[in-house]
Amino acid sequence: MAILEIILLIFLVFSAVMAVRFDEELISIIFLSIFSLILTALYLLHKAADVALAEAVIGAGLNTAIFMSAISQIRHGDSD
């Protein structure tokens, strides 16, 4: 169990660094979504299922959709 937690923490740090280092917005959004999914796995590992569910829905789902929608509107020049 401790080895899995260490591996997930390493991937968590890696995905956070990659999200910050890329200049392309869509790739950064994908890495932020991966970050959220890894964080969800860590919450499940620590038996916090309610927090993991909230992180999966809000972090990986809703935030990714909002970020992608905002990026597409900025690229197309829409003001609506």
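These numbers come from a predicted model, not from an experiment.
- Hydrophobic clustering of Ile, Leu, Val, Met, Phe, Trp and Tyr side chains at less than 4.5 Å, counting indirect connections, unites Leu4 with Leu9.
- For Val57, the side-chain contact (heavy atoms from CB on, under 4.5 Å) criterion is met by Leu53, not counting sequence neighbours.
- Atom CG of Leu39 and atom OH of Tyr43 lie 4.0 Å apart (nearest 0.5 Å).
- For Glu25, the side-chain contact (heavy atoms from CB on, under 4.5 Å) partners are Ile71, Arg75, not counting sequence neighbours.
- Side-chain heavy atoms closer than 4.5 Å link hydrophobic residues (I, L, V, M, F, W, Y) into clusters, and following such links, possibly through other members, connects Leu8 to Val17.
- Put simply, CZ on Arg21 and OG on Ser28 are 11.5 Å apart, with the number rounded to the nearest 0.5 Å.
- The structure places CD of Glu5 at 11.5 Å from CD1 of Ile3, a figure rounded to the nearest 0.5 Å.
- Residues Leu12 and Ile27 fall within the same hydrophobic cluster, defined by Ile, Leu, Val, Met, Phe, Trp and Tyr side chains chained together at heavy-atom separations under 4.5 Å.
- A donor-acceptor contact shorter than 3.5 Å links the side chain of Thr40 to the backbone of Ser36.
- Val51 and Leu44 sit in two unconnected hydrophobic clusters of ILVMFWY residues. Membership requires side-chain heavy atoms under 4.5 Å apart, directly or through other members.
- Annotation: side-chain contact (heavy atoms from CB on, under 4.5 Å) contacts of Ser15 (sequence neighbours excluded): Phe31, Ile34, Phe35, Ile38.
- You'll find the side chain of Gln73 reaches within 4.5 Å of the side chain of Ser69, heavy atoms only.
- Leu32 is not listed as a side-chain neighbour of Asn63, based on a closest heavy-atom distance of 4.5 Å or more.
- Summarising the geometry of Thr64 relative to Gly59, their closest heavy-atom pair is OG1-O, 3.9 Å, with the distance given to 0.1 Å.
- Taking hydrophobic clusters as Ile, Leu, Val, Met, Phe, Trp and Tyr residues chained together by side-chain heavy-atom distances below 4.5 Å, Leu37 does not share a cluster with Ile30.
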